[in-house]
> 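Input: one structure, supplied below.
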There are 2 protein chains.
Amino acid sequence: MVEKRRRKRGETRGQLMEAALTLVGKGRHFASLGIREVTREAGVVPTSFYRHFRNMDDLGLQLVDELGLVMRKLMRESRQQAPFADKLIQDSVNLFVDHVLNNRNFFTFMAQGLAGESRAVRDGISGEMRFMAHEMMLDFRRMKMAEHLSDSDLYRVCELVIRTVAFSLNDILGTSADDEHQLNTIREREIQHVKMIMLGAMAWKSEDR
Amino acid sequence: MVEKRRRKRGETRGQLMEAALTLVGKGRHFASLGIREVTREAGVVPTSFYRHFRNMDDLGLQLVDELGLVMRKLMRESRQQAPFADKLIQDSVNLFVDHVLNNRNFFTFMAQGLAGESRAVRDGISGEMRFMAHEMMLDFRRMKMAEHLSDSDLYRVCELVIRTVAFSLNDILGTSADDEHQLNTIREREIQHVKMIMLGAMAWKSEDR
DNA sequence: TGTACATCAGTGAACGCGCGTTCACTGATGTAC
DNA sequence: TGTACATCAGTGAACGCGCGTTCACTGATGTAC
């Protein structure tokens, strides 16, 4: 009890955000969550909510910020992979799928938010994806790959890859975590998708280069 | 008044579905709609709802069915295009964008439903997309295009195209209908995306063929 | 280091309101002869 | 074609409940001297 009291200072905010993610992970849609519901899940009194957020939209926005951190972690890990081009695609896709499974609630929130109610949340997630595409582009440049492409064309390629893989979020999240068979099907499909895009990128001719 | 009375028979069901779509089109998320809200928008008494649907999920499911019709209409129109390969991609993408703008509410519902609360709605929409990919594959075969690809590889290509274009739903719907500049940016981007995928498809080597 | 005070974060009671759902009703439409 | 009856679809009143939000409170934490 004393312990609980002591830990409280400034911690409720995080508990509320986590509670919202938990509910989302349980199948609820963020847009249908209520303040009382979230505070109940977090184990605090409803009024506490207002100490940290103006309303549910506000909480959603702050979740998007945290989403950025999860994404950056994902990218950092992916850069530590051995850069052998032939396995690069497989490894990256597998890493992504694993990351999604390890952060189920977060990515469910992201998938929901893309077509969600709040303009600000939508824009936040879109921005996050643009950032990832941009980072991916820089990685290509660093590795001296796809040098026949102009900046804008290379960006388009990266954008396409990110979007393609992001779309599979819906499939990954619709699969129970222990259905290895179906997960492998998804992995292989996404690997093939990305390979095809890269083949297209190799064959693409930029106009001004 | 008499007119109104006379039209009622069996029409309320449609009005309720349209009311839900209208609210979705106004920026609300389907998951957060209530029965009273929908009946209010439709101009009927709350109890009427139960004459046609068990609950909001049920209404969502029936909307998915109608979504199928919209999709089929889209495909029928696209087949009437002159089949000149060089303009085929542009025409198809433009047709899709126009169709989305002309059925804003429907496609907003579809975009929301992909990551929505109801498993059944999600599966329904996924099924619809798989159907479209399959149809697209048959069209390729009919036109004797991409004959170097096995059935399963060609399906993957079509699936990738459909998903890519479907992803852009979020961008199209986030644009006000008269912002021609941004819409054109989206059109051009999607055309380039699809062209790249087709380039990749051309370069792809199927194992068993 | 100790004391006095301000700020912060969680509490519990209370409010009015809109929600989903039930029920018995009514009048229009469809069906059988 | 006309009549009698069943079914269907929309109505209006009523219910209990959970919601968002406000308020004054309390005790813990941080700050100044």
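Because only heavy atoms are used, hydrogens play no part in the values below, and waters and symmetry mates are left out as well, while side chains stay in. Please read all numbers here as calculations on a predicted model, not as lab measurements. Each chain gets a letter, A, B and so on, in the order the sequences are listed, and its residues count up from 1.
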> With side chains defined as the heavy atoms from C-beta onward, is the minimum distance between A/Phe109 and A/Val64 less than 4.5 Å?
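Yes, at least one pair of side-chain atoms sits under 4.5 Å.
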> For B/Arg54, report the nucleic acid contact type (base, sugar-phosphate, nothing); a contact means any heavy atom under 4.0 Å.
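Nothing: the residue B/Arg54, judged by heavy atoms under 4.0 Å, touches no strand.
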> Given that B/Arg51 and B/Met56 both sit by DNA chain C, which one's nearest nucleotide is further toward the 5' end?
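With B/Arg51 and B/Met56 compared, the 5'-side residue is B/Met56.
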> Using the criterion of both pairing distances under 3.5 Å for Watson-Crick and G-U wobble pairs, give all stems of 3 or more consecutive pairs involving DNA chain D.
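Expected stems, ordered by start: C:2-33 with D:2-33.
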> Starting the side chain at C-beta, find the nucleotide from C/dC23, D/dA14, C/dG12 nearest to B/Thr47.
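Of the candidates, C/dC23 comes closest.
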> Looking across every strand, which nucleic acid part, if any, lies under 4.0 Å from A/Phe49 by heavy atom: base, sugar-phosphate, or nothing?
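Counting heavy atoms under 4.0 Å across all strands, no contact is made by A/Phe49.
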> With heavy-atom distances below 4.5 Å as the criterion, would you say the side chains of B/Leu160 and A/Ile197 are in contact?
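B/Leu160 reaches A/Ile197 side chain to side chain.
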> Measuring to OP1 and OP2 of D/dT22, would you say a side-chain N or O of A/Tyr50 lies under 4.0 angstrom away?
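Indeed not, no polar side-chain atom of A/Tyr50 lies that close.
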> If you look at every strand shown and take non-hydrogen atoms under 4.0 Å, does B/Arg13 touch a base, only sugar-phosphate, or nothing?
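Nothing, no nucleic acid heavy atom in range.
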> Could you check which of D/dT21, C/dT11, D/dC19 has an atom nearest any side-chain atom of A/Arg40?
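Of D/dT21, C/dT11, D/dC19, D/dC19 is nearest to the side chain of A/Arg40.
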> What pairs with B/Arg142 under side chain to side chain donor-acceptor pair (under 3.5 Å), at least two apart in sequence or on another chain?
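By the side chain to side chain donor-acceptor pair (under 3.5 Å) rule, B/Arg142 matches B/Asp139.
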> Quick test of your reading: applying salt bridge (Lys or Arg N to Asp or Glu O under 4.0 Å), list the pairs with at least one residue in residues 95-122 of chain A, sequence neighbours left out, ordered by first then second residue.
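Every pair satisfying salt bridge (Lys or Arg N to Asp or Glu O under 4.0 Å) with a residue in residues 95-122 of chain A: A/Asp98-A/Arg187, A/Glu117-B/Arg28, A/Arg119-A/Asp123.
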> Under 4.0 Å between a side-chain N/O of B/Ser48 and OP1 or OP2 of D/dT11, yes or no?
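Looking at the OP1 and OP2 atoms of D/dT11, one of them is under 4.0 Å from a side-chain N or O of B/Ser48.
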